[in-house]
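Data block below; observations after.
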Amino acid sequence: MKPLSDQFDDELERRDANGWVGGKAYNLDPEVERLVTLARRLRTTPELQVDPIFAHRLEQQLHSRQAALQPVRQHATWRGWLLPGRQRVHPLLSTAVALGLILLLGVGVLAAAHGTENPNNPLYGIKVWEQGVQVSLAGSAPDQAELYLQFARDRLDALKELADDGHNEAYQKTLSDFDQQFTLASQQISSLPPGAERNQLTAELATLNTDAIHTLRGFLPHLGLSEQVVTTNELGHLGAAIPQITSVEVTLPTHPNGQATVTIHGSNLQSGAQLLVNGKLSIATGILKGGGLVFVVEKWTGNQHPHSIGIQNPDGTATQTTNVTVKTNSDDGDGNGNGNGNGNGNGNENGNQNGEGDGKGNGNKPILLRTRDKQK
Amino acid sequence: MFSWWRSSGKRDKASEEQAPSFEVQLDRAKRGDKEALSALYYQFLSLVYGTIATRVPDRATAEDLTSEVFLLMIEGISQVHSTDEAGFGAWILRIARNIIAGYYRKRHTQPEVIPLETPHWEEEELGESQAIPASHPDYDPVRLTEGREQWREVKEAMSHLTEDQQQVILYRLICGYNVATVARMLGKNPNAIKALQFRALHSLERLLNAPTPVRQTPRAQVRRQEGGL
């Protein structure tokens, strides 16, 4: 039997399709029926129906406003070309006009910079400077917080234009700017005294947070690998569930191009994830096994020790770590095949250890390559 | 990309196939095409009005703020970079939220003015109701007052719900978007939305049926409404 929430939603869909006035479905749970009645009350409440007279009046108003703005926009475009003087003017006037033009040029540059969203554009620096001035001129802390929120929203909008393979650098820079503005907004809001204004700004910040998570998740399938990694990190900063690696164990084959096993432990690891070795996708699909994600790599390149291991989840979230433990897949204890395992080239890099170790039965001794607290 | 149209459908499938794409329509509206602008306006009117009406005290304020949102839309439309419905919808909702925030900020800084005379919009309504026989159910002043009072109770109860619950009630139950659309708007999966709307309505029902409704001071109400944006 379907859960009540599904039954309720089915009934809403049915009502949406067949109209809200009319009979109810048979065998409807009384609880669901009660909630459908309340939903109907909300849906049909007259207070939420737009008054058609108001709607029509506003439409007319919008057309008039549009009509008023249209010539201004066109005029603004052409005025600059029509200005050059046809008559001789007084030198003082011409100086004033020249100064005016310089001022206009300055304002024009500022305006052009204002519309720039690509950090690789030389005008972008002016835009950042202009925003810094705006913040410093803002009268109060709440106004500053509002500005930071606005700048963060602008960056999020700008990311939509950059979320493809052709703008990798600009995307990463804008994402970093977004993070900075969001953090500044958050810090500014938390420093405000309790009250309505702070509550209001907190709610705006929460909305932006939700919007950002939704938007960034939508970008993931269109991004390159390194952009997926930074986007995943940003999602983590915003409080979304992201994959996190706590430990990686690589069991290397005893001979070159043999089978290696990579076991990854952590959280939010998804079955079907792809393996990343040294920042590149490897042909191996992870299977959740014993609380970890296990990858079997059929042909491991030589005896190469990976310096970073990561995963790319099916939803596009990706993460890497350099905290990798490497073991050698040699049999220990019973002596079967030890000779082969030891004799085959493992000795090139760490043969001394392995050579001595195997004889004493501890060939699986882990070699810790690098240890960093922070995931890459 | 998802559609911002109500699932109840204002247009059928055939007309949807014939209609120009949103991008084309938006481009025409930017260039001053009246028809495209009207289509865009009606497409987002319910969403904007619903968002505002659930957060401000009365219809007149909701209409004023809705007008402000669309006038700002006209002024800023040429600078909108989004070309899809979702992006444009998010942009216009952001304007609406800023307008509501501005309204409450202004209300917070200015002392409340209590009019000595009946507000003109109430006069208009009274005038209309007097002109039409009081027995007419749609214009019965008692029914109108009762309806307004009931809606006030619903809004007050809604202000006690979580932000997610308020949004799901607004988008799904009031604006009528389907589950998939609401899921994309809120960045959740459809099953979570179904469960959320069920819980939200449950809580709303409980709050509305509470023996003694939660009464707040007007200031506390304002604070809650501000927090619920």
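These numbers come from the heavy atoms of this one structure, side chains and all, not from hydrogens, waters or symmetry mates. Just so it is clear: chains get the letters A, B, ... in the order the sequence lines come, proteins before strands, and each one is counted from 1.
For Ile213(A), no part lies under 4.5 angstrom from a heavy atom of chain B. The contact between Tyr41(B) and chain A is made entirely by side chain atoms (from C-beta outward), counting heavy-atom distances below 4.5 Å. Contact annotation for Leu196(B): neither backbone nor side-chain heavy atoms come within less than 4.5 Å of a heavy atom of chain A. Contact of Thr83(B) with chain A is not made at all, since no heavy-atom distance falls under 4.5 Å. Contacts between Leu4(A) and chain B at a heavy-atom distance below 4.5 Å involve backbone atoms as well as side-chain atoms. For Asp9(A), the parts sitting under 4.5 Å from any heavy atom of chain B are the backbone and the side chain alike. Proximity to chain B (any heavy atom under 4.5 Å) is shown, for Thr202(A), by neither the backbone nor the side chain. Looking at Ala55(A), both its backbone and its side chain come within 4.5 Å of chain B, counting heavy atoms on both sides.
The nearest pair of heavy atoms linking Leu35(A) to His202(B) is CD1-CD2, 3.9 Å.
Side chains of Phe54(A) and Ser67(B) form a contact here, defined as non-hydrogen atoms less than 4.5 Å apart. At a threshold of 4.5 Å between non-hydrogen side-chain atoms, the residues Leu42(A) and Leu204(B) count as touching. Looking at Val154(B) and Glu47(A), their side chains never come closer than 4.5 Å, going by heavy atoms from C-beta outward.
Here the CZ atom belonging to Arg57(A) is positioned 6.5 Å from the CD atom belonging to Glu63(B), to the nearest 0.5 angstrom. Interatomic distance, Gln60(A) CD to Ser38(B) OG, rounded to the nearest 0.5 Å: 8.0 Å. In this structure, CZ in Arg153(A) is found 5.0 Å from CG in Asn98(B), a value given to the nearest 0.5 Å. Once rounded to the nearest 0.5 Å, the distance linking OG of Ser5(A) with CD1 of Ile193(B) reads 11.5 Å. For the atom pair CG of Leu208(B) and CG of Leu38(A), the computed distance is 6.0 Å after rounding to the nearest 0.5 Å. Between the CZ atom of Phe198(B) and the CG atom of Asp6(A) there is a distance of 10.0 Å, given to the nearest 0.5 Å.
Under the 4.0 Å criterion applied to side-chain N and carboxylate O atoms, Glu204(A) and Arg97(B) are not assigned as salt-bridge partners. Salt bridge status for Arg94(B) with Asp154(A): absent, with no side-chain N to carboxylate O gap under 4.0 Å. No salt bridge links Glu197(A) with Lys106(B); every basic N to acidic carboxylate O contact stays at or beyond 4.0 Å. We find that Arg105(B) and Glu146(A) are joined by a salt bridge, their nearest charged nitrogen and carboxylate oxygen being less than 4.0 Å apart.
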Would you sort out whether Glu161(A) and His81(B) count as a side-chain contact (heavy atoms from CB on, under 4.5 Å), showing the intermediate values?
CA-CA 8 Å; Glu161(A) 309 294 323; His81(B) 296 291; 3.5 Å; yes
Worked verdict on Asp51(A) versus Arg59(B) for salt bridge (charged side-chain N to carboxylate O under 4.0 Å, His left out):
CA-CA 10 Å; Asp51(A) 176 5; Arg59(B) 180 178 275 275; 5.3 Å; no
One pair to check against side-chain contact (heavy atoms from CB on, under 4.5 Å): Phe8(A) and Leu201(B). What are the steps and the verdict?
CA-CA 10 Å; Phe8(A) 172 67; Leu201(B) 219 55; 3.2 Å; yes
Criterion side-chain contact (heavy atoms from CB on, under 4.5 Å) on Glu75(B) and Leu69(A), from CA distance to verdict:
CA-CA 8 Å; Glu75(B) 283 175 20; Leu69(A) 282 173; 3.8 Å; yes
Go through the steps to decide whether Leu12(A) and Gln197(B) satisfy the test side-chain contact (heavy atoms from CB on, under 4.5 Å), and finish with yes or no.
CA-CA 11 Å; Leu12(A) 282 188; Gln197(B) 74 180 2; 3.9 Å; yes
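Highest contact tally toward chain A, considering only Ser82(B), Ala29(B), Ala195(B), Gly32(B), is held by Gly32(B) [criterion: heavy-atom pairs under 4.5 Å].
A donor-acceptor contact closer than 3.5 angstrom links the side chains of Tyr42(B) and Glu59(A).
Atom CD of Glu23(B) has 12 or fewer neighbouring heavy atoms from other residues, nucleotides or ligands inside a 6.0 Å radius.
Between the Arg65(A) side chain and the Leu71(B) main chain, no donor and acceptor come within less than 3.5 Å of each other.
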